[in-house]
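Structure record follows, encoded as structure tokens.
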2 protein chains.
Amino acid sequence: MELGKAEDIAQSLRQKIMSEEIQSGTRLNSERDIAEEYHTSRMTVRRALEILEGEGLITRHPSRGSFVGGTRERILVDKGREISNAVTASELRLSGSFIKDMERLGRKPQVQFLEQPSLVAADTQIAEQLKIKEGDLVFKRYRLQIADNLPYRLIESYYPSDLFGELLTINIGDKPLFQWLQERHKIKVTHAKENLIARLATPSERQLLKISPSAPIVAVDRTVQTNVNRPVEFAHIIAVAALYIFTYDYDITEWNGEKKA
Amino acid sequence: MELGKAEDIAQSLRQKIMSEEIQSGTRLNSERDIAEEYHTSRMTVRRALEILEGEGLITRHPSRGSFVGGTRERILVDKGREISNAVTASELRLSGSFIKDMERLGRKPQVQFLEQPSLVAADTQIAEQLKIKEGDLVFKRYRLQIADNLPYRLIESYYPSDLFGELLTINIGDKPLFQWLQERHKIKVTHAKENLIARLATPSERQLLKISPSAPIVAVDRTVQTNVNRPVEFAHIIAVAALYIFTYDYDITEWNGEKKA
DNA sequence: GAGTGGTCTAGACCACTAT
DNA sequence: TAGTGGTCTAGACCACTCC
């Protein structure tokens with residue numbers, strides 16, 4: 001018992017899943033049954049299942065059971081250049097296209113506004129990112145994106161009010177936000193910068209995304225730049241890690257990491 | 001008790017940590033003491049501490065205790081363009097510069113080869129990524145990168161043997177691998193593609209990286225392309241999520257996600 | 001109403017660290 | 001040797017789903 005009982009059970013189940021002895025979509029035996037099968041207590045089995053869930057091999061649902069396979073495929077989110085032959089949801093960089101992308105993937109998308117979009121005063125971080133003064137008004141959207149009744153991610157986004165304030169009163173439908181920006185203000189988005197970290201979710205994130213305490217999330221801070229050298233969006237995104245693959249394609253212009261300090 | 005006792009305790013401790021009532025670096029009371037303090041069982045306290053650990057607010061050490069604050073700062077890993085005013089470890093895209101970058105950050109770097117570098121037969125995935133035939137020989141390196149005695153990441157990397165095979169017998173020191181490639185074979189690396197997912201670690205990963213079962217990792221698959229339209233590296237990287245921030249900067253050339261199917 | 005996962009309890013033994 | 005976190009046990013109650 002090198003690694004502990006929970007680990008042993010996880011390994012045993014992992015092998016059965018990998019070898020497709022237990023097929024994808026199948027329900028596992030109940031925690032109580034597995035405990036009996038392995039002559040151990042239920043808490044230990046739960047530990048094993050938590051491990052497999054964290055690895056993305058199984059999904060667990062209260063009152064229903066544990067099932068082999070992720071709830072669904074991870075979504076590809078690509079950045080920068082084209083990516084050819086993959087099912088691609090290029091939506092992370094394209095405000096407003098979550099719905100379209102999900103429909104293209106055959107899912108039932110849904111967007112839930114957790115707050116009424118409104119004008120709020122910029123705090124220190126938002127002011128710094130949007131290059132405005134603290135306290136300046138910004139247009140805020142706070143929403144939850146869902147597909148097939150499964151929460152995918154939380155997006156808290158801020159936009160300069162002089163450019164976007166009128167969105168309080170007009171409705172652009174599902175037209176991409178930045179397409180509207182160009183048509184309305186002749187400003188083009190040119191590039192984006194993202195900082196990405198992975199961690200476990202906080203309680204409020206867990207609650208909104210309906211994930212278990214041991215499920216990791218990916219937190220992305222994004223700023224979007226324009227051809228007039230002015231940021232037009234700062235967004236804080238919390239994505240359910242198990243549902244995403246992030247794809248990046250970037251140029252290498254130098255191999256020498258040295259920089260002037 | 002809306003969210004459960006463990007959540008309540010985590011919230012209580014979280015607040016004390018955030019408000020600096022408990023200062024960074026301080027040891028928390030023992031799990032048994034906290035259990036008594038909150039009139040609960042030790043398992044519930046452990047659940048609370050697991051939550052805080054996953055969020056990166058505390059660190060736990062067997063036989064020693066739980067301490068406020070992450071082990072160290074997250075490292076910035078940037079991609080693509082320059083990023084100006086940040087402490088930047090641009091090393092992920094630069095084979096061979098982990099040591100230099102860590103030294104620049106004032107850390108004590110160390111690289112541990114888990115296997116002797118060798119020529120192995122390419123499996124299906126490697127062959128596909130490097131655009132060679134299955135069974136062709138590839139140069140394999142499998143190593144663990146450590147800083148200040150703390151494992152940072154595992155790298156399993158493969159290179160075409162016709163270009164890199166001679167590295168079995170010669171030693172290029174700490175010269176970046178791709179700089180050597182250009183000098184030796186006049187081949188320049190031009191861009192890289194990365195797929196990134198976050199999940200919990202598998203047992204073997206946990207063991208090598210010395211992290212707890214609930215600690216998330218970031219798995220990156222990377223292929224490096226060259227000016228002769230030929231991939232020269234395929235790497236599978238497992239990074240301890242708590243130690244990294246990934247930074248990407250990319251152009252937006254279109255806002256329309258539509259593509260020909 | 002039977003069965004499920006989510007949570008909690010009050011113990012226990014272990015390997016390891018610090019003194 | 002006393003104290004720590006890591007692991008495990010054998011129960012328990014709850015809210016919920018499915019039949």
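Here is how names work: the chains are called A, B, and so on, in the same order as the sequence lines, proteins then strands, and each is numbered from 1.
Taking only side-chain atoms of T44(B), from C-beta outward, the nucleotide of dC8(D), dC8(C), dC13(D) with the closest atom is dC8(C). Each of dC13(C), dA18(C), dA10(D) was ranked by its minimum atom distance to the side chain of R32(B); first place goes to dC13(C). Side-chain atoms of R64(A) lie closest to dC18(D) of the nucleotides dG5(D), dC18(D), dC8(D). Among the nucleotides dC8(C), dT4(D), dT7(D), the one closest to any side-chain atom of R46(B) is dT7(D).
A straight line from CE of M43(B) to P of dG11(D) spans 17 Å, rounded to a whole angstrom. The separation between D33(B) atom CG and dG3(D) atom P is 10 Å, rounded to whole Å. Taking atom NE2 on H61(B) and atom P on dA15(C), their separation rounds to 21 Å, with Å as the unit. Atoms CD1 (I9(B)) and P (dC8(C)) sit 8 Å apart, rounded to a whole Å. Rounded to an integer number of Å, the gap from E36(A) CD to dG11(D) C1' is 15 Å.
Screening K16(B), R32(B), R42(B) against E37(B) for a salt bridge (Lys or Arg N to Asp or Glu O under 4.0 Å) leaves a single residue, K16(B).
Here R60(B) reaches the OP1 or OP2 of dG6(D): one of its side-chain N or O atoms lies under 4.0 Å away. Taking side-chain N and O atoms only, S30(B) has no distance below 4.0 Å to OP1 or OP2 of dG3(D). Distances shorter than 4.0 Å separate none of the side-chain N or O atoms of S41(A) from OP1 or OP2 on dG11(D). The phosphate of dC16(D) (OP1 or OP2) has no side-chain N or O of S63(A) nearer than 4.0 angstrom.
Between the side chain of R42(A) and the base of dG6(C), a donor-acceptor pair under 3.5 Å is found. One cannot find a donor-acceptor pair under 3.5 Å joining the base of dG6(C) and the side-chain atoms of R47(B).
With a 6.0 Å radius and a threshold of 12 heavy atoms from other residues, nucleotides or ligands, E36(B) has its CD atom at or below the threshold. Within a 6.0 Å radius of CD in Q15(B), other residues, nucleotides and ligands contribute 12 heavy atoms or fewer.
Side chains of S118(B) and R141(B): no donor on one and acceptor on the other come within 3.5 Å.
Ring pair F139(B)/Y159(B) is tilted by interplanar angle, where 30° to 60° counts as tilted.
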